[in-house]
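To find a chain, count down the sequence lines: A is the first, B the second, and so on, and within it residues start at 1. This is a predicted model, so every value here is computed, not measured. Because only heavy atoms are used, hydrogens play no part in the values below, and waters and symmetry mates are left out as well, while side chains stay in.
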Number of protein chains: 2
Amino acid sequence: MQGAFDVARGISLDKLSMPNLAEHLDVGVTSIYWYFRKKEDLLNAMTDVAVDNYIRALPDVSGQPWQEALRQHFTEMRLIFQKDQTLSDLIMIRTSTYSKEATRRVFEVVESLLELLIAQGFTPDNAFRCHATASVYARGMIIHDRILRLSNAPTLEDGRQARMIDWSSMPILATLVDEYSLTGTGDSDFQFGLDRLICGFETLLAEQRPGQQTGEHRGQVGPAIRA
Amino acid sequence: MQGAFDVARGISLDKLSMPNLAEHLDVGVTSIYWYFRKKEDLLNAMTDVAVDNYIRALPDVSGQPWQEALRQHFTEMRLIFQKDQTLSDLIMIRTSTYSKEATRRVFEVVESLLELLIAQGFTPDNAFRCHATASVYARGMIIHDRILRLSNAPTLEDGRQARMIDWSSMPILATLVDEYSLTGTGDSDFQFGLDRLICGFETLLAEQRPGQQTGEHRGQVGPAIRA
DNA sequence: ACCTGAACACCGTTCAAGT
DNA sequence: ACCTGAACACCGTTCAAGT
């Protein structure tokens with residue numbers, strides 16, 4: 001297992017091969033097949049370890065205002081995956097092969113976030129959907145960023161490709177291309193999107209409360225569970 | 001090219017191989033190498049065709065309120081990729097290998113959306129960031145959905161896996177699992193997230209205008225370009 | 001200009017055989 | 001219980017040779 005992570009981190013997950021790994025471990029290729037009947041089994045085991053590492057690295061956001069909790073959770077999530085591409089590949093791309101245990105542990109994190117949202121006024125329905133939305137957004141940013149980086153082709157990022165395109169028919173982008181990298185996957189891009197989502201959630205929370213027509217505010221909002 | 005799409009649609013893009021394709025075309029494997037020096041070249045050519053198909057399938061959203069324009073654009077985008085997995089794989093995963101021409105055409109679509117947003121009051125900066133955010137969200141939903149589907153392992157979707165998990169420590173999710181599929185990638189999930197984003201954009205647009213402190217509204221808001 | 005089979009390096013996997 | 005090499009099917013790619 002450790003050797004597999006060594007090789008994956010050294011090259012990349014999709015270049016990790018059985019001969020590769022065998023050489024690194026200084027054993028015959030077929031020896032690995034005694035521990036893992038298929039390569040898929042090895043990857044599944046690696047995914048379990050990755051999920052464990054990921055969850056341990058996550059910050060405790062309980063006891064915070066829900067806006068701050070969401071912001072911290074997803075910002076840190078993005079940071080974890082940015083720091084470790086192998087972790088990102090295992091967890092992001094192999095979601096459908098999670099073990100029962102890994103799935104349960106991931107959902108326990110979700111549960112604690114939902115609990116926090118509901119305690120601060122969200123209905124369970126809305127709490128779930130808001131979390132799912134932010135999660136999809138964060139995953140989208142991480143995966144899109146990953147895809148733009150892989151295959152060291154000249155990306156828009158370094159400006160080489162950007163200058164090769166004829167922007168004459170695109171006046172707006174032509175001015176923006178000088179200031180931005182146009183990939184929209186930078187730190188500030190991520191924060192911007194997260195802010196817009198949280199802002200949208202705030203509006204939803206306000207509309208969801210009873211007596212929304214009046215300007216009256218309740219100091220502390222209890223759980224408004226429906227259904 | 002047509003044969004390559006036939007094979008990819010018949011099996012899947014990552015199972016498309018040169019021997020595969022040669023057999024389908026009833027030619028020797030090496031014959032393909034006269035037209036495409038590497039498999040990568042073939043895939044690049046396929047990506048170009050895919051981008052063309054995608055852009056042609058996109059609806060014209062000009063002349064609409066920006067909220068409706070964004071909603072239609074990204075809803076239709078998701079639909080196109082849901083209908084054609086091969087298109088989705090080529091365009092979503094191979095973004096970094098777009099040809100100059102494909103990149104230009106994609107950005108022309110972006111430009112027209114930015115134009116629409118700016119004409120209705122957004123600064124170029126905010127228009128760009130809002131579009132980028134919605135784009136990342138839509139891409140995230142499409143890719144995440146794709147990942148959950150591939151490898152026909154038992155997913156949470158069909159409820160089999162869901163019932164195998166011990167939800168006893170997760171009271172909130174335990175009640176939600178009965179109503180939802182917990183994947184958060186359904187049509188209503190997507191619309192929910194899109195609504196929250198657009199809602200967040202509306203708040204940004206309102207704050208961005210001069211005289212935000214007063215409740216005064218201007219009937220028609222001209223372009224407020226900064227910098 | 002277009003197509004071919006033989007050949008090579010690489011991969012995942014099986015199997016019979018070792019200790 | 002643990003490890004091995006030989007062997008097989010599959011892949012991408014090259015090359016010398018055909019028409």
What is the separation between atom [atom1] on [X] and atom [atom2] on [N], rounded to the nearest whole Å?
X	N	atom1	atom2	result
B/Lys38	C/dA9	NZ	P	20 Å
B/Glu23	D/dC10	CD	C1'	13 Å
A/Asp41	C/dT13	CG	C1'	12 Å
B/Arg37	D/dG12	CZ	P	16 Å
B/Tyr35	D/dT13	OH	P	18 Å
A/Leu16	C/dC10	CG	P	16 Å
A/Ile32	C/dC11	CD1	C1'	12 Å
B/Asp14	D/dG12	CG	C1'	16 Å

Side-chain donor-acceptor contact under 3.5 Å, [X] with [Y]:
X	Y	answer
A/Asp166	A/Ser168	yes
A/Asp125	A/Thr123	no
A/Arg149	B/Ser96	no
A/Ser88	A/Arg146	no
A/Tyr98	A/Asp48	no
A/Gln2	A/Asp6	yes

Mind pulling the stems DNA chain D is in, i.e. runs of at least three Watson-Crick or G-U pairs, everything under 3.5 Å?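 The stems that DNA chain D takes part in, listed by first number, are C:4-8 with D:12-16, C:12-16 with D:4-8.
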Tell me, please, which residues at least two apart from A/Tyr54 pass ring pair (Phe, Tyr, Trp, His ring centres under 6.0 Å).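 Counting only residues at least two positions away or on another chain, A/Tyr54 forms a ring pair (Phe, Tyr, Trp, His ring centres under 6.0 Å) with A/Phe81.
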Could you work out which one of [options] sits closest to the side chain of [X]?
X	options	value
A/Met18	D/dG12, C/dG12, C/dC2	C/dG12
B/Ser17	C/dC3, D/dA1, D/dG12	D/dG12
A/Pro19	D/dG12, C/dG12, C/dT13	C/dG12
B/Lys39	D/dT13, C/dC3, C/dG12	D/dT13
A/Ser31	D/dT4, C/dT13, C/dC3	D/dT4
B/Trp34	C/dT13, C/dC2, D/dC2	C/dC2

NA contact type, B/Thr30, heavy-atom cut-off 4.0 Å: base, sugar-phosphate, or nothing?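 Touches a base.
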Does B/Tyr33 make a side-chain N or O approach to OP1 or OP2 of C/dT4 shorter than 4.0 Å?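 B/Tyr33 to C/dT4 OP1/OP2: no side-chain N or O under 4.0 Å.
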